[in-house]
Participant: 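Please find one structure pasted underneath; my questions will follow.
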Amino acid sequence: MNTLLHMQGLTKEYGIEKAVNNVTFSLLKNTATALIGPNGAGKTTTLSMLAGLLKQTNGTIVMDGEITGDIRKEIGFLPQYPQFYSWLTALEFTEMAAKLSGVDPKMAKLEAEKTLEFVGLGDAKKKKTGTFSGGMRQRLGLAQAIVHKPLLLLLDEPVSALDPLGRREIMNLLKELQASTTILYSTHILNDAEEMTDQLLFLRKGKLVEQGSMREVREKYANPMYKIYFSNSNEAAQFVETSPWPAMQEGPIAFIHLEDAKPMMQEVLQVLANCNLSLSKVERASASLEEIFLQVVNKDE
Ligand code: ATP
């Protein structure tokens with residue numbers, strides 16, 4: 001069977017609030033899935049239930065039937081704010097994590113060394129974790145989550161605290177890991193999911209509001225349009241008033257959405273040539289990933 005995990009109707013209630021509300025999805029083996037949503041959407045709560053740190057109020061989590069024994073040993077978890085013992089070196093900490101996760105104690109040091117090398121901390125393995133920068137802490141957090149070669153890797157906002165270079169490096173590591181594990185990670189930035197993610201799950205107020213591949217989501221929400229850049233807002237407003245096609249305005253830019261009307265670029269240019277307004281650019285564009293995120297998480301319930 002190709003499914004590693006299926007969760008059905010998962011719900012977590014805190015008093016009258018449902019932090020996670022009847023969420024159902026599956027993770028296929030060796031795929032990467034992003035849990036996407038704004039602050040408070042229920043991402044951490046979902047991951048914590050999967051990691052066995054929180055008990056769900058309702059619903060079931062079923063792992064692949066071939067997995068027997070202690071399921072926690074098959075899971076690696078990187079919390080949003082990983083904590084380390086500041087007086088231990090990276091190697092000592094990772095070796096300890098390996099032993100706690102069931103690695104043969106005789107092999108733990110070797111596995112820890114290999115893992116630190118993999119996450120780019122080979123040169124820093126003898127440094128105390130208390131001296132680590134944010135990026136190094138995130139790498140060490142990843143190392144302790146993967147040192148026992150888990151089947152399922154759960155990562156809570158693995159790149160949120162990193163600069164663009166650090167983000168790219170961690171995402172590349174995750175791409176490599178995908179060959180040997182199944183990854184579920186949370187983020188509130190859709191761009192982070194662009195390269196390596198097979199499945200996107202959008203959460204809002206605890207509910208799963210959209211799911212699909214990046215291509216499917218883009219096709220559904222990309223909203224092709226013409227963007228016409230005028231020299232000021234008044235000119236854009238004047239165009240919107242007289243446009244033969246439904247148009248909208250945001251500051252000095254006018255938009256013609258191509259679901260509403262489908263003029264050819266040539267027709268648009270013809271109308272613009274006759275309207276005597278000063279403009280700097282006309283382009284055919286699609287909603288950016290940031291705009292798609294906002295559309296999905298704000299769409300009507
Ligand atoms: P962020 O991006 O800010 O980390 P998130 O998507 O991970 O947000 P959660 O931390 O899962 O969201 O929280 C979901 C909702 O559940 C929030 O409204 C939060 O206030 C609530 N919540 C989480 N933990 C508890 C708790 N222990 N007691 C009460 N409410 C909680």
Side-chain angles (χ1 to χ4, degrees), residues 5-27 32-61 72 75-84 134-135 137-142 144-145 150 152-164 166-167 170-171 174 182-194 196-212 214 217 221 288-301:
L5 177 145
H6 178 71
M7 57 190 261
Q8 180 75 42
L10 210 68
T11 300
K12 179 69 187 176
E13 292 171 3
Y14 289 112
I16 53 161
E17 191 190 353
K18 287 186 170 153
V20 173
N21 189 353
N22 197 20
V23 168
T24 296
F25 64 80
S26 296
L27 301 179
T33 298
L35 260 184
I36 301 185
N39 293 135
K43 305 183 294 294
T44 299
T45 308
T46 303
L47 290 170
S48 301
M49 287 189 281
L50 288 173
L53 300 173
L54 262 184
K55 181 95 188 91
Q56 66 265 33
T57 313
N58 267 310
T60 52
I61 302 171
R72 285 169 306 175
I75 293 175
F77 182 52
L78 170 64
Q80 192 169 2
Y81 305 106
Q83 300 294 327
F84 312 106
R137 290 174 69 82
Q138 209 62 1
R139 284 164 194 273
L140 183 57
L142 184 59
Q144 62 78 32
L152 174 62
L153 184 54
L154 303 170
L155 310 161
D156 198 357
E157 311 236 2
V159 295
S160 296
L162 302 178
D163 61 30
R167 291 179 118 84
I170 295 283
M171 292 316 273
L174 296 185
T182 301
I183 299 173
L184 177 65
Y185 72 99
S186 68
T187 179
H188 52 267
I189 300 175
L190 192 47
N191 290 59
D192 286 336
E194 183 160 37
M196 59 157 260
T197 309
D198 302 290
Q199 179 179 219
L200 303 172
L201 302 169
F202 287 86
L203 284 182
R204 189 201 36 196
K205 294 184 191 159
K207 285 190 183 158
L208 190 60
V209 290
E210 190 59 81
Q211 70 187 105
M214 184 64 92
V217 170
Y221 294 94
S288 66
L289 287 178
E290 199 181 323
E291 288 161 344
I292 291 176
F293 173 86
L294 290 172
Q295 280 183 66
V296 178
V297 299
N298 290 323
K299 71 178 188 176
D300 297 334
E301 295 188 32

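Here the structure is a predicted model, which is why all the values come from computation and not from measurement. All ligand and atom numbering here is 1-based and tracks the order in the structure. Note: hydrogens, waters and symmetry copies are ignored here, and every other heavy atom, side chains too, is used.
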Participant: Do you know which two heavy atoms are closest between Asn191 and Leu289, and how far apart they sit?
Facilitator: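 Looking at all heavy atoms of both residues, the shortest contact is OD1-CB, 3.5 Å.
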
Participant: Heavy-atom distance to atom 9 (P) of ligand 1: which of Asp156, Thr45, Leu203, Thr46 wins?
Facilitator: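 Result: the heavy atom closest to atom 9 (P) of ligand 1 is in Thr45.
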
Participant: How far is atom 24 (N) of ligand 1 from the closest protein heavy atom, and which atom is that?
Facilitator: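 Residue, atom and distance for the closest contact: Tyr14 CE1, 3.5 Å.
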
Participant: Side chains of Val23 and Met7: does their closest heavy-atom pair fall under 4.5 Å?
Facilitator: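 A side-chain contact exists here, since the closest heavy-atom pair is under 4.5 Å.
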
Participant: Can you report which non-hydrogen protein atom sits closest to atom 10 (O) of ligand 1, along with the distance?
Facilitator: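 Its nearest protein heavy-atom neighbour is Thr44 CB, 3.7 Å.
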
Participant: What's the shortest distance from atom 16 (O) of ligand 1 to any protein heavy atom, and which residue and atom give it?
Facilitator: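 Its nearest protein heavy-atom neighbour is Ala19 CB, 3.1 Å.
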
Participant: State, to 0.1 Å, how close Leu10 and Val20 come at their nearest heavy-atom pair, and which atoms those are.
Facilitator: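 Looks like O-CG1, 3.4 Å.
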
Participant: Quick one: look at His188 and ligand 1, take heavy-atom pairs under 4.0 Å, and tell me if it's side chain, backbone, both or neither.
Facilitator: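 No part of His188 is near ligand 1 at this cut-off.
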
Participant: Quick one: does any side-chain atom of Gln56 pair with a main-chain N or O of Gly59 as donor and acceptor, under 3.5 Å?
Facilitator: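 At least one qualifying donor-acceptor pair exists.
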
Participant: Quick check on contacts: which atoms of ligand 1 are under 4.0 angstrom from a heavy atom of Glu157?
Facilitator: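 With Glu157 as reference, the close atoms of ligand 1 come out as 2 (O).
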
Participant: Which of the listed options, Lys43, Lys12, Glu17, holds the heavy atom that is closest to atom 19 (C) of ligand 1?
Facilitator: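 Result: the heavy atom closest to atom 19 (C) of ligand 1 is in Glu17.
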
Participant: Which of the atoms of ligand 1 are close to Ala41, meaning less than 4.0 Å from one of its heavy atoms?
Facilitator: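 Near Ala41, meaning under 4.0 Å from one of its heavy atoms, ligand 1 has 5 (P), 6 (O), 12 (O).
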
Participant: Of all the atoms in ligand 1, which lie at a distance below 4.0 Å from a heavy atom belonging to Pro38?
Facilitator: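 Heavy-atom distances to Pro38 below 4.0 Å select 6 (O).
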
Participant: Do Val217 and Ile292 have side-chain heavy atoms sitting under 4.5 Å apart?
Facilitator: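 A side-chain contact exists here, since the closest heavy-atom pair is under 4.5 Å.
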
Participant: Please state which protein non-hydrogen atom is closest to atom 14 (C) of ligand 1 and give its distance, to 0.1 Å?
Facilitator: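 Answer for atom 14 (C) of ligand 1: Gly40 O, 3.4 Å.
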
Participant: So, 4.0 Å and heavy atoms of Gly42: is ligand 1 close enough to count as a contact?
Facilitator: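 Checking ligand 1 against Gly42, which is what was asked, there is a heavy-atom contact under 4.0 Å.
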
Participant: Any luck finding a side-chain donor-acceptor pair between Tyr14 and Thr57 under 3.5 Å?
Facilitator: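 No - no donor-acceptor pair under 3.5 Å links their side chains.
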
Participant: Considering only non-hydrogen protein atoms, determine which one is nearest to atom 3 (O) of ligand 1 and report residue, atom name and distance to 0.1 Å.
Facilitator: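 Looking only at protein heavy atoms, the one closest to atom 3 (O) of ligand 1 is Asn39 ND2, 3.1 Å.
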
Participant: Taking atom types as modelled and ignoring hydrogens, do the side chains of Glu291 and Tyr221 form a donor-acceptor contact shorter than 3.5 angstrom?
Facilitator: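 Side-chain D/A pair, Glu291 to Tyr221: absent.
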
Participant: Are Asp156 and Lys43 within salt-bridge range, i.e. N to O under 4.0 Å?
Facilitator: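 Looking at Lys43 together with Asp156, the answer is no, because their closest N to O distance does not fall below 4.0 Å.
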
Participant: Pull out every atom of ligand 1 sitting under 4.0 Å from any heavy atom of Gln80, numbered as shown with elements.
Facilitator: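 Once the distances to Gln80 are compared, the set is 4 (O).
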
